[in-house]
Amino acid sequence: MSSNRSIIQRAYKTELDLNHAQTTACRRHAGVARWAYNWGLARKQSAYRATGASPSAIDLHRELNSLKQTVVPWMYEVSKCAPQEALRNLDSAFANFFRRARLKREGKWHGQLGYPQRKTRKRGLGSFRLTGSIVVFPDAIQLPRLGRLRLKEQNYLPTSGAKILSATVKEQAGHWYVALLVEQEQHAPANSGPVVGVDLGVKSLATLSDGTVIPNPRPLRRRLKKLKRLQRAVSRKRKGSQNRKKAVRCLAQLHRHIAQQRANTLHQFTSRLAKTKSVVVIEDLNVSGMLKNHHLAQAISDVGFAEFRRQLIYKAAWYGSQVMVASRWEPSSKICSGCGAVKAELTLSERVYRCETCGLTLDRDLNAAVNLANLAS
Ligand SMILES: [Zn+2]
């Protein structure tokens, strides 16, 4: 394969190192964004009830600007982007809701529809997005209205060769992060690695067609007991009390650790695949369909199949690898990878594949991974 150049969008997320005044300013921006979102949601709902039509983000922003002078003068204290981008988010939340509703009517979506909800402070301080004049330094980022904010990690954000599209500042469990969205030219080097099939599993994270088994860290399962205990602790404490606030903070910390550990495992695995393989063949799993099976549900959402696929596809573009998604109707687990015979029946409990035609006996997941790799050759 030859090397290729393309323009890609990429997000860089890193932690901010804020002083007191900056923390206050960020809280204020997040507060305005949340207020604008909730105000826009209420406006859309009442307009829809009255007229059957719903105002767009642009209509709402115009209306909000006229209110600014009289009703919400404190909005002048923050960048005008914060409410504007919050109203854009609201538009996408509705667009996503309508898309899922259409898919559900067509029988292609089995999950929740997710009607846009009010944002509450109970779920954290939230986030806000800024556009316009954003400058990146090796150890800091300069944002409209907020000025120069220090970064905990130096030289991570790109200082050159990237067009900055937006910066989203977000609070998570007492820490503030910035996610920088940039557009950059991607020079993907020629990747001369082998073709590999990947069978995503429940018992182990994945089995590769070369026989490698990637173990499953199962962070959620291991920490589930602790999570349940903390959740009980929160509900036992009196509402509004200091003790309850403390327990809520502990719970948020644990959620954050679990999410980080899960993301780390997937990032390591997908990077390794994209860097070392020329073609990666994966199965198009019907995740929302599988999630209905409660035994599998925990493990699948734990491992994050959809997230795996998302990461693999964008990293493959960085490292010059190709991702092939096999149709979900391809019976990769039922075909014998040695002779091609197809089994009529293979239950989930049969962990070893035994071919009645050629006598091949091997691990069920490995057989499936080899079949996936064969699709590419
Ligand atoms: Zn066979």
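Values below: every heavy atom of this structure, side chains too, minus hydrogens, waters and symmetry copies. Whatever order the structure lists ligands and atoms in, that order sets their numbers, starting from 1.
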Lys/Arg-Asp/Glu bridge criterion (N-O < 4.0 Å) met for D91, K44: yes

Ring-face cation of K170 near Y177 (centre distance under 6.0 Å, axis angle within 45°): no

Pair R28 + E77, salt bridge at N-O below 4.0 Å: yes

Pair D59 + R43, salt bridge at N-O below 4.0 Å: no

Distance below 2.8 Å from the Zn ion (ligand 1): protein N/O/S atoms: C336 SG, C339 SG, C355 SG, C358 SG

F94 and F97 aromatic ring geometry - parallel, tilted or perpendicular at 30°/60° bounds: perpendicular

Salt bridge present between K343 and E356 (N-O < 4.0 angstrom): yes

